[in-house]
Structure formats: C-alpha cells, structure tokens
A.B. asks: 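Below you'll find the structure I mean.
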Amino acid sequence: MPQPRILLVVTGDDFGYCPKRNQGIVDCFKAGGISSVSLLVNASAAKDAADLAKRHSIPIGLHANLSEGIPVCQSLRAASTLVDERGFFHGKMGFRQALERHQLSMEQVELELKDQIRLFRELTGHLPYHMDGHQHVHILQEVREVFAQVLSDHRIPYTRVPVEPGLHSCQWLPAHLKSFYAQVEKDALDSIPVFKRYGIRWPDVYLGLTTVGRNMSVFNLRLALRHAFSMSSCVASSPEERVVTAELMVHPGYPSHSQKGGCGEGPDEFSQSDDRQHELSVLTDLSLLDMYRKERVQLCGFKDF
C-alpha cells in the first residue's frame, strides 16, 4: 500500500495581536513552519499584520473575535449585549456564560461578524478564504447558525471544526483543559449539521488542542499526525488517491511587551510568556520539517484543497 499523503494547513492564529506576535509569525512562515494565518481585525497591530501578509504572500483568513477586546462595529461599543459596562467583550468564559443565560443578541453577533469581514477586506483587499472563531466561539449554540449564514452570504468556503482525534487518550493535558476541550468537541460536533446545511467546508482532520504552548513538541506533533494518517482509508476513493486534508492550529510568536498589544485591554499572560516562542521553535525544528518530507506531508493553504 502506498504511503498516505496529507495536505496540511498549519494556521498561525492571532495574527495582528501585537508587533512581536506578527514578527514571530512571519519568521515562522519564512522558515516553513506555518502555511496560513488567521487575522484578528480588532487587534492593535492588525493593519501591520495585513501589510506583512501582502509583502510575504502569506495566505490569510479571518479569526472572528466575539470574546476579547472591543467590537469593530461602532454601534455595538456601548449598551449592546456583546459588551460589559466598560465596553469590552465578555471574555472567553464570560461570553459562554452570557450565551447560556440567553443574554446575547444574535442580531448583534451578525452585525459584528459582518463588520469584521468588512474591515478584513479593507485591510487585505480581498475576502477571507477561511474564517474561524477566536477561542472557538463560532461553534457555540446559536452563534454557529449565524456564523454559517454569514459565511454563506459572503461565499467564504472554509471554517474550522475542532474535533481532534486522540484528544480523549491524551496523557499530558491537565483536568481543567481536558474538560474545556471536551466541551469544545461537543460544540464542534453539534455544529457539523449546521455547517453542512450551509455548504461550509472544513478539512478532514483537525489538530492543535493537545499541542498548545508547552505541550507542543516534535514527538507530540508526530502523535497528532498519526491520527491524520489513520483517516486516509476513511476518506479515499481508492488506495491510489489517499489524500487527507488536515489543519493544525498553532500560536507562534515572540513574547508580547506588557504594555503593547492585545485587542484593547493589553496582552494576556499567555501572550507575554515564552510559550509562543516555544511553539515557533518547535514548528521550525529541522527534524519536524524533515518528518513532513519523509511522511509526504505537504504544507499548503486552504485554497490548495
């Protein structure tokens, strides 16, 4: 049997978060460690990020943000259900809690998503070819329907469905993360019928929950990719055409300066730590890049599917 072939999009999330993040992502792309980026249009260095993507021909999509920082839509910055009394989004868990209490207006979610697409187009000169959700908000109940409708209306073909093979057997995740990721997986599975109904597509395999920050290593990435290889027999029409599409979510960069970056409230602790630089180092490790070649893993953008 021929060796399975994988078309792998390695997506650097949070592009635009700060100048240090931008530089790290560009360095990672130039070294062959990532093949695509997702732009936070409400982040402090979004324009710089868009300019860098143009300069280096980096495939770029939209990292839709409903949970961190300030809305793009001017009318939602005060007295809207999406923001707190300070005018900021409710946060990763605060957004989820407000949603569970039925306190969020889906009409306002739609307005914000459309305005983020508009700003993305102004910054880059084109529509995003893929669009995912910062902190996985796009797969949450109610939001997923609005998200899919907006993608369909704008003819944005690809999104992210974070169901990771091997998540439940992962030995190194702490209990609180495993619990959160299990809920992410449930929300993602519930999103599949909605995305299918709107004709939205996503890669055959998703990877990245088990390899964030210090949990990323060449060894752990090898384990993750084994699951992608195991999918080959499920998606192929014949043994000769065993091509699997996959996305690996990553967060490379250099540590943010404490007073520079973020989406309006400054950079968070994860961004200021060296975890981002650790990811950059692993992603550009020559042994990992050599493994891609030996295992017939081809890095690409969503347009190459």
Side-chain angles (χ1 to χ4, degrees), residues 11 13-18 37-47 49-50 60-162 184 187-188 190-191 194-195 198 200 261-268:
T11 306
D13 279 4
D14 305 337
F15 200 37
Y17 195 81
C18 73
V37 293
S38 281
L39 178 67
L40 282 168
V41 293
N42 74 329
S44 63
K47 185 181 184 307
I60 185 169
L62 176 58
H63 204 41
N65 185 3
L66 300 171
S67 56
E68 184 178 359
I70 300 169
V72 167
C73 183
Q74 293 280 347
S75 65
L76 299 179
R77 293 185 178 182
S80 86
T81 66
L82 302 186
V83 299
D84 59 21
E85 64 280 356
R86 302 172 302 144
F88 291 106
F89 286 133
H90 298 294
K92 180 169 76 172
M93 301 312 297
F95 183 89
R96 286 164 165 80
Q97 291 161 4
L99 188 63
E100 288 174 4
R101 294 193 292 263
H102 306 288
Q103 295 174 339
L104 300 181
S105 162
M106 290 303 107
E107 290 79 9
Q108 292 176 354
V109 166
E110 182 178 2
L111 279 174
E112 179 61 20
L113 290 176
K114 287 181 175 179
D115 253 30
Q116 291 193 18
I117 293 172
R118 173 195 56 76
L119 181 54
F120 179 96
R121 193 169 191 172
E122 289 179 8
L123 291 171
T124 66
H126 59 83
L127 285 168
Y129 196 73
H130 77 274
M131 179 168 158
D132 52 48
H134 184 49
Q135 299 171 337
H136 308 294
V137 295
H138 67 298
I139 56 171
L140 296 176
Q141 188 174 12
E142 295 186 76
V143 176
R144 61 177 76 111
E145 186 81 30
V146 177
F147 186 84
Q149 180 68 67
V150 169
L151 262 64
S152 178
D153 290 346
H154 290 80
R155 298 183 180 180
I156 300 170
Y158 277 97
T159 191
R160 173 182 291 169
V161 177
V184 168
D187 292 330
D190 289 343
S191 298
V194 177
F195 292 159
Y198 284 92
I200 309 302
C263 302
E265 300 174 272
D268 59 22

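All values derive from a computational prediction rather than experimental measurement.
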A.B. asks: Among His134, Gln135, Arg160, which residue satisfies the side chain to side chain donor-acceptor pair (under 3.5 Å) criterion with His63?
C.D. replies: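 When His134, Gln135, Arg160 are each tested with His63, the side chain to side chain donor-acceptor pair (under 3.5 Å) holds only for His134.
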A.B. asks: Verify side-chain contact (heavy atoms from CB on, under 4.5 Å) between Phe89 and Ile70, making sure each step is shown before the conclusion.
C.D. replies: CA-CA 6 Å; Phe89 286 133; Ile70 300 169; over 6 Å; no
A.B. asks: In terms of heavy-atom contacts, does CZ of Arg155 have more than 12 from other residues, nucleotides or ligands at under 6.0 Å?
C.D. replies: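 No - once you tally the heavy atoms of other residues, nucleotides and ligands closer than 6.0 Å, there are 12 at most.
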A.B. asks: Can you check whether Met106 reaches Leu104 side chain to side chain, under 4.5 Å on heavy atoms?
C.D. replies: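 When only atoms from C-beta onward are counted, Leu104 and Met106 do touch, with a gap below 4.5 Å.
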A.B. asks: As an exercise, state the distance from CG of Asp115 to CD of Gln74, rounded to the nearest 0.5 Å.
C.D. replies: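 Taking CG in Asp115 and CD in Gln74, the distance rounds to 8.5 Å.
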A.B. asks: How long is the straight-line distance from CG of Leu66 back to CG of Leu140, given to the nearest 0.5 Å?
C.D. replies: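 These two atoms lie 9.0 Å from each other.
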A.B. asks: Return the CG to CG distance between Leu62 and Leu127, rounded to the nearest 0.5 Å.
C.D. replies: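 Here the interatomic distance stands at 10.0 Å.
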A.B. asks: In Å and rounded to the nearest 0.5 Å, what is the CZ to CG distance from Arg101 to Leu99?
C.D. replies: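 Rounded to the nearest 0.5 Å, the CZ-CG separation comes to 10.0 Å.
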A.B. asks: Are any of the side-chain heavy atoms of Phe95 and Val143 separated by less than 4.5 Å?
C.D. replies: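 Yes - at least one pair of side-chain heavy atoms lies under 4.5 Å apart.
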A.B. asks: Would you check if the side chain of Asp190 reaches a backbone N or O of Ile139 as a donor-acceptor pair within less than 3.5 Å?
C.D. replies: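 A pair under 3.5 Å: no.
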A.B. asks: Would the distance check show the side chain of Thr11 and the main-chain N or O of Asp13 forming a donor-acceptor pair, the cut-off being under 3.5 Å?
C.D. replies: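 No, the answer is negative, given that no donor and acceptor are paired below the 3.5 Å cut-off.
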A.B. asks: Can you name the closest pair of heavy atoms from Leu39 and Ala49 and give their distance?
C.D. replies: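 Distance-wise, the nearest heavy atoms are CD1-CB, 3.7 Å.
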A.B. asks: Mind listing the closest non-hydrogen atom pair of Pro71 and Gly87 along with its distance?
C.D. replies: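 Result for this residue pair: CD-O, 3.8 Å.
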A.B. asks: Tell me the closest heavy-atom pair linking Tyr198 and Glu145, and the distance in Å.
C.D. replies: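 Where Tyr198 meets Glu145 most closely, the heavy atoms are OH-OE2, 2.8 Å.
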A.B. asks: Less than 3.5 Å apart, any donor N or O on the side chain of Ser38 or His130 sitting next to an acceptor on the other?
C.D. replies: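 Side-chain D/A pair, Ser38 to His130: present.
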A.B. asks: Please round to the nearest 0.5 Å and tell me the distance separating atom OG1 of Thr159 and atom CD1 of Ile200.
C.D. replies: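 Reported value, rounded in 0.5 Å steps: 7.5 Å.
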A.B. asks: Report yes if the side chains of Ile117 and Met131 come closer than 4.5 Å at any heavy-atom pair, otherwise no.
C.D. replies: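 Yes, side chains in contact.
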A.B. asks: Is there side-chain contact between Ile60 and Phe15, with heavy atoms separated by less than 4.5 Å?
C.D. replies: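 Yes. Closest side-chain heavy atoms under 4.5 Å.
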A.B. asks: I'd like to know if the side chain of Asn42 reaches the main chain of Val72, judged simply by a donor and an acceptor atom lying under 3.5 Å from each other, with no hydrogens or angles considered.
C.D. replies: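 Such a contact is absent between Asn42 side chain and Val72 backbone.
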A.B. asks: Rounded to the nearest 0.5 Å, what separates atom CZ in Arg118 from atom NE2 in His154?
C.D. replies: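 Spacing of CZ (Arg118) from NE2 (His154) equals 10.5 Å.
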A.B. asks: Could you go step by step and tell me if Gln116 and Glu112 meet the side-chain hydrogen bond (donor to acceptor under 3.5 Å, both in side chains) rule?
C.D. replies: CA-CA 6 Å; Gln116 291 193 18; Glu112 179 61 20; 2.8 Å; yes
A.B. asks: If you apply the rule side-chain hydrogen bond (donor to acceptor under 3.5 Å, both in side chains), what do you find for His138 with Asp132, and how did you get there?
C.D. replies: CA-CA 7 Å; His138 67 298; Asp132 52 48; over 6 Å; no
A.B. asks: Ignoring hydrogens and angles, tell me if any N or O in the side chain of Gln108 forms a donor-acceptor pair with the backbone of Thr81 under 3.5 Å.
C.D. replies: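 At least one qualifying donor-acceptor pair exists.
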A.B. asks: Hey, what's the ring geometry for His126 with Phe120, parallel, tilted or perpendicular (30° and 60° as the breaks)?
C.D. replies: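 Geometry flag for Phe120 against His126: perpendicular rings.
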A.B. asks: Between Arg96 and Glu100, does any side-chain N to carboxylate O distance fall below 4.0 Å?
C.D. replies: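 The answer is no: the pair does not qualify as a salt bridge.
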A.B. asks: With heavy-atom distances below 4.5 Å as the criterion, would you say the side chains of Val83 and Arg77 are in contact?
C.D. replies: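 Result no, sub-4.5 Å side-chain heavy-atom pair not found.
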A.B. asks: How close do Ala50 and Thr124 get, heavy atom to heavy atom, and via which atoms?
C.D. replies: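 Where Ala50 meets Thr124 most closely, the heavy atoms are CB-CG2, 4.2 Å.
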A.B. asks: Please name the pair of heavy atoms, one in Gly16 and one in Ala43, separated by the smallest distance, quoted to 0.1 Å.
C.D. replies: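 Minimum heavy-atom separation between Gly16 and Ala43: O-CB, 3.0 Å.
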A.B. asks: Backbone N or O of Ser67 within a donor-acceptor pair of the Asn65 side chain at under 3.5 Å?
C.D. replies: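 Yes, Asn65 side chain to Ser67 backbone: donor-acceptor pair under 3.5 Å.
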A.B. asks: Kindly say whether Ala148 contributes a backbone atom to a donor-acceptor pair with the side chain of Ser152 at under 3.5 angstrom?
C.D. replies: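 No, Ser152 side chain to Ala148 backbone: no donor-acceptor pair under 3.5 Å.
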A.B. asks: Give the minimum heavy-atom separation between Ala46 and Val41, together with the two atoms involved.
C.D. replies: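 Result for this residue pair: CB-O, 3.6 Å.
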